[in-house]
Amino acid sequence: NFCFSLISISYGLYGFGYVILGTFISTMARETTGLETTEMYVWLLVGLAGIPMVIFWPWFGKKIGNDLALFLACAIMGLGILMPVLLENKVGITLASILLGSTFIPITALALLEGQSRYSGSIRVSTAILTSSFSVGQMIGPYFGGFIIDLFNSYNVALTISSLSLFIASILMINPIRFVNSKFTNIP
């Protein structure tokens with residue numbers, strides 16, 4: 001099924017994209033001049049930002065369709081991961097932490113729901129396929145990110161690639177059936 005394949009690829013790109021910042025945010029804070037004091041609270045911000053969003057995003061997904069909510073959440077996360085590149089200061093890493101936290105858990109939940117709606121077989125099988133795709137991205141991301149960070153002696157290139165993967169993932173999250181019969185049909 002083409003629509004399910006797209007979300008599977010997207011979920012893998014999402015796993016790859018989010019995990020680079022997720023893996024290296026504390027190290028980046030510790031090693032980057034001027035950000036040292038942020039190390040102790042970046043993960044606190046990620047967690048606090050996530051608490052209200054586990055309620056908001058599913059509600060929003062019901063209003064506009066899970067695929068569009070996923071599109072927006074992945075794009076917001078992509079922008080968040082780009083923040084430390086664009087703003088190389090405490091504001092950049094703080095925004096990155098907040099935007100990562102406000103999208104990470106909801107994307108995971110919404111992607112599994114959207115995948116189940118696109119898969120014609122068992123929910124267990126769709127969840128297994130999506131989780132496998134996500135896992136491959138999660139395994140490749142830290143290795144790739146660490147290699148690129150060492151190669152360029154900077155986090156910026158790895159974060160930029162991470163952000164681009166999330167922007168691509170956001171586009172692939174949109175269900176193409178939305179465009180078949182009429183433009184922008186709401187698919188809850």
Side-chain angles (χ1 to χ4, degrees), residues 1-28 42-43 46-47 49-51 53-58 60-62 64-82 96-149 155 158-178 187:
N1 172 325
F2 179 71
C3 295
F4 183 74
S5 295
L6 285 180
I7 197 163
S8 296
I9 293 165
S10 176
Y11 203 43
L13 287 170
Y14 159 66
F16 173 86
Y18 104 85
V19 79
I20 292 174
L21 180 64
T23 301
F24 296 107
I25 192 168
S26 294
T27 308
M28 182 174 66
V42 288
W43 278 108
V46 170
I51 293 169
M53 293 301 147
V54 295
I55 297 167
F56 170 76
W57 282 107
F60 192 56
K62 286 180 184 174
I64 68 168
N66 284 336
D67 64 326
L68 290 183
L70 283 162
F71 164 77
L72 292 171
C74 278
I76 290 167
M77 182 184 283
L79 181 63
I81 288 175
L82 206 52
S97 301
I98 292 168
L99 294 177
L100 176 67
S102 65
T103 53
F104 167 66
I105 294 171
I107 291 172
T108 303
L110 289 175
L112 292 175
L113 288 173
E114 180 66 17
Q116 290 167 4
S117 73
R118 294 187 198 186
Y119 191 74
S120 59
S122 165
I123 288 173
R124 289 179 294 282
V125 173
S126 70
T127 301
I129 293 168
L130 288 168
T131 302
S132 296
S133 179
F134 177 75
S135 299
V136 169
Q138 260 190 315
M139 288 186 293
I140 294 170
Y143 177 78
F144 175 84
F147 177 78
I148 295 296
I149 292 163
Y155 292 92
L159 292 177
T160 301
I161 292 169
S162 170
S163 179
L164 287 172
S165 76
L166 285 159
F167 289 133
I168 294 167
S170 72
I171 293 166
L172 296 178
M173 288 285 188
I174 299 172
N175 192 339
I177 290 180
R178 183 175 281 284
I187 302 174

Margin query: For a side chain to side chain contact (heavy atoms under 4.5 Å, CB included) check, start with the C-alpha distance between Thr131 and Ser135, then their side-chain angles and the critical distance, and finish with the verdict.
Written below: CA-CA 6 Å; Thr131 302; Ser135 299; 4.1 Å; yes

Check: Stepwise, does the side chain to side chain contact (heavy atoms under 4.5 Å, CB included) test hold for Phe24 with Leu159?
Finding: CA-CA 10 Å; Phe24 296 107; Leu159 292 177; over 6 Å; no

Item checked: Check against side chain to side chain contact (heavy atoms under 4.5 Å, CB included), Ile105 and Met53 -> CA-CA 8 Å; Ile105 294 171; Met53 293 301 147; over 6 Å; no

Checklist line | Ile64 and Leu72: CA distance, side-chain angles, deciding distance, side chain to side chain contact (heavy atoms under 4.5 Å, CB included) verdict | finding: CA-CA 11 Å; Ile64 68 168; Leu72 292 171; 4.0 Å; yes

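Phe134 has its side chain out of reach of Leu130: every pair of non-hydrogen atoms, C-beta onward, lies at least 4.5 Å apart. Counting only heavy atoms from C-beta outward, the side chains of Met173 and Leu110 never approach each other to under 4.5 Å. Considering only heavy atoms from C-beta on, Ser117 stays 4.5 Å or farther from Asn66 through its side chain. Side-chain contact between Ile7 and Leu70 is present, with at least one heavy-atom pair separated by less than 4.5 Å.
Within the model, atoms CZ of Phe16 and OH of Tyr143 stand 12.5 Å from one another, a figure rounded to the nearest 0.5 Å. Once rounded to the nearest 0.5 Å, the distance linking CD1 of Ile20 with CE of Met28 reads 12.0 Å. Between the CZ atom in Arg118 and the CD atom in Gln116 there is a gap of 12.5 Å [rounded to 0.5 Å]. The CD1 atom of Ile81 sits 14.5 Å away from atom OH of Tyr155, with the distance rounded to the nearest 0.5 Å. Taking OG from Ser165 and OH from Tyr14, the interatomic distance works out to 11.0 Å, rounded to the nearest 0.5 Å. Note that the CG atom of Leu172 and the CG atom of Leu13 stand 6.5 Å from one another [nearest 0.5 Å].
Checking side-chain atoms of Ser126 against main-chain N and O of Ile123 turns up a donor-acceptor pair under 3.5 Å. Panel note: side chain Ser163, backbone Thr160; no donor-acceptor pair is recorded below 3.5 Å. Counting only distance, with no hydrogens or angles, the side chain of Trp57 and the backbone of Ser102 share a donor-acceptor pair below 3.5 Å. Side-chain atoms of Tyr11 do not come within 3.5 Å of backbone N or O of Ala169 as any donor-acceptor pair. In this structure, Ser132 contributes its side chain and Ala128 its backbone to a donor-acceptor pair below 3.5 Å. Of the possible donor and acceptor atoms, one in the side chain of Asp67 sits under 3.5 Å from a partner among the backbone N and O of Asn175.
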Just list the side-chain donor-acceptor pairs under 3.5 Å for residues 73-80, sequence neighbours left out, or say none.
none

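Gly22 and Ile25 get closest at one heavy-atom pair: O-CG2, 4.2 Å. Here the closest non-hydrogen pair linking Ala158 and Ile149 is CB-CG1, 3.8 Å. Between Phe2 and Pro176 the shortest heavy-atom distance is CE2-CG, 4.0 Å. A pairwise comparison of heavy atoms in Val19 and Gly141 identifies CG1-CA, 3.8 Å as the closest pair.
By the ring pair (Phe, Tyr, Trp, His ring centres under 6.0 Å) test, Tyr119 pairs with Phe4, sequence neighbours left out.
Checked against the 6.0 Å centroid threshold, Phe147 and Phe144 do not count as a close aromatic pair.
Other residues, nucleotides and ligands place more than 12 heavy atoms under 6.0 Å from the CZ atom of Phe56.
Among the candidates Leu100, Leu166, Val42, Val46, the single residue satisfying the side-chain contact (heavy atoms from CB on, under 4.5 Å) test with Leu21 is Leu100.
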